[in-house]
Amino acid sequence: MLKRFFLLVTMCAILPFGKGMMCYAANTNTNSVLWYDKPASVWLEALPLGNSRLGAMVFGKTDVEEIQLNEETFWSGGPHNNNSTSSIYYLNEVRSLIFQGKEKQAEDLINKEFIKGPHGMRFLTLGSLKLDFGHKDAKNYRRELNLNNAVSTVSYTANGVKYVRETFASLEDGVIVMRIKASGKGKLNFTLDHECKLKSSKSSEKLRFMTSRMKGNYGMLKAVIEGVEQEGIKSALNAELAAKVLADGNITTDNNKVDVKNATTATIIITAATNFVNYHDVSGNASEKNKATLKAVEDKTADQLLKRHIAKYQAQYNRVALDISANTQHPSPNTQLPTDQRLDKFYGSDDMGMVALMFNFGRYLLISSSQQGGQAANLQGVWNDKMMAPWDSKYTININAEMNYWPAEICGLTEAAEPLFSMIKDLSVTGAETARKMYGCRGWVAHHNTDIWRVAGPIDGAFWGMFPNGGAWLTTHIWEHYLYTLDKDFLREYYPILKGAADFYLDYMVERDGELLVVPSVSPEHGGVGKQSPVCAGCTMDNQIVRDALTQAIRATEIMLQDTALADKDKAEMNASLLAFNAALKKIPAMKVGKYGQLQEWREDIDDPKDEHRHISHLYGLYPSNQISPFLTPDLFKAAGVTLNQRGDQATGWSLGWKTNFWARMLDGNHAFTIISNMLRLLPDENKMREYPNGRTFPNLFDAHPPFQIDGNFGVTAGIAEMLMQSQLSPNAKDLSPEIFLLPALPDAWKNGSISGFKARGGYTVNITWKDGKLKSANIMPKESGKLILRTKTPISQGNLVKTYQDLGVYEYEINVTGGKAVVITAS
Ligand code: FUC
């Protein structure tokens, strides 16, 4: 009797089909489900799952299923830095060569004396779990990724039996769970194995378990995967992957595999870990970490795990909702197609749900690849199957890593940004050594790239690496987080980092003719007409980033000085910093308009109007920064438009993501939509670039540089948000009084729709509805009381109309708001 009771409890524990499941599988919301009628035949058709720590790509195969896995800390090499010890002796010579116009010589000297390697380590794969089901002839096949609950489901019929597999990467419990069910009793048979191209060893064993609620047998498959050396940096990391198989059939564990026979249901719980503790400590124990992770969930049923996962996921995902429709009466027939075919037919269609799907997918990817306590999303998020990932799957910080986090604040995914802040904190330490050793400067610096070991020196070559602004650009995310959340504790914690980024410039910049110039530097990966090298002094992007670094340090210092408990010594130091930052700010060169009416990329007027280079670095001032604005700097705004038109509407995936944001800030929704249309073009695989030269999105909706790079997904997600709402803080106002623009760049194609839950700078939450291309209503919730500047392209019934920008068709209102009290806006 007792035995039967235990068996029953065990069965319930692993039964994959709780009440919830069928209803999730049946969800066909076309704006939030990616689905396919075939298994993935290549990695870029597989569907991504992740909980920041672990990434999984589910192929959905019926014969031999593949789950490719990553663990976010599994990188090549070990703790090290790449600071040149000779650069400090050549810095003056490099500067003088640049000022003499001998940039090529300066570049050669930098390559020789500043950039000694190593050039960054790479992100590794854990290989794949293979589940041999042997179902060669499957019918009624469907696989999907439901963005509403972050669950992937595969279902099909084989030999008259229906099989359903449901997989999720639990955000709450850190494990990946796969639940499998056969419709016929005892019809579930499979063998679980592990394959990896890296050196690895595996083992399997059958174990008994007994918890307070259940007991039974399970199979355990373990693989130990060895890290690799790179550029002379010895491998310091090993990974262990553990997969626990529970089933109501017969489990055997021969030949380092787990075999399940005559079961009806099974649950596989997967975890992985490395010995990484932090960038300078690798004393962890992967096996102990896995044991602890599995122990923590052993008492939980699969249903409970699923519920806990969904609750944690939805707490973030459900903060924002977007609905866009071209025609509410007759939705596009494309919405009924599998996602790859739907994507292929998007260009020129009126399937605006596809845009919403892409937006939702971007939010899903950020939640899945970046969570508190984890590593920041890298160039491939947390998904890489390659031995040699493109650009090592590291962090390129001359645009790409920053782009990953553009949607975080506006989409209310503020906790997803925490890994970025913690990476910046690490870099402020390694980068302080780089600043001191390489340049003899105070503060801290990071160049155009970093990795899990937080290297802060230049890599690859001066052309790419001589960019001393990566660290400062990253710090703008800290300041922005404060602007969105008004969290003073956060600002206090990160204040030394903001100050350190500004301090670096005080020492690094060189004064010429009354101006302070960042030198040596590059405008990322790009040189001007007549120059043999991009190495330069004080290019436009340098000046814009320095301006932001100094301005945010000034504002933050002013806020810190409000603290009445400050010690006199700290107060005196802060006041001295304020003086120095303000004095420097006055000497940062202004932006210039060149001979074609373009915004100049460099101090000299050497832009090529026919150049379509993907980096449009000098428009950093337009987005993400706010130094170029139709309201404050109309001439520069016009020049930015000339530059954007010169660069054209095609580009790599991430550049299209940036252009979407640029055109949103240009208040041109139709042009922004053209860019989105250029991005939403199918590229079936990385080896199909010749047949699909315009393909910029893979079948699984991963962005195509090509190759796969996740920044474009995040860039376009932020861009879609930026088209619907923008916020700024009046640059001259000490009280940081906010400006919100409702529907600044609504394209004609998005006739009707709504958004809810967008966050605006100044601590606001914003909901908007529109109809027939015009604002209908909005609900604006302020966190604090104050004065709000509200801009619209449709007159509204509330607030005081203080200005009309005739040429832009923009109305500007002033509204007094009370913290916690919603302001309801209606079109007049
Ligand atoms: C920068 C870009 C490339 C690529 C790489 C990861 O170097 O110029 O296009 O995105 O980063």
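Each ligand, and each atom within it, is numbered from 1 in the order the structure gives. Only this structure's heavy atoms are used, side chains among them; waters, hydrogens and symmetry mates stay out. All residue numbers in this chain count up from 1 along the given sequence.
Not counting sequence neighbours, Trp444 has no partner by the ring-ring contact (aromatic ring centres under 6.0 Å, His included) test. For His615, the ring-ring contact (aromatic ring centres under 6.0 Å, His included) partners at least two apart in sequence or on another chain are His613, Trp654. Residues passing the side chain to side chain contact (heavy atoms under 4.5 Å, CB included) test with Asn449, sequence neighbours excluded: Lys394, Thr396, Ile459.
Inspection of the Asn111 and Glu113 side chains reveals no N or O donor paired with an N or O acceptor under 3.5 Å. In the model, His705 has no side-chain atom that pairs as donor or acceptor with a side-chain atom of Asp711 under 3.5 Å.
Taking the six-membered ring where tryptophan is involved, the planes of Phe702 and Phe361 are tilted, since the angle between them lies from 30° to 60°.
Using a 4.0 Å heavy-atom criterion, the residues that approach ligand 1 are Leu379, Trp391, Thr396, Asn400, Glu525, Arg614, His615, Trp654, His705, Gln709.
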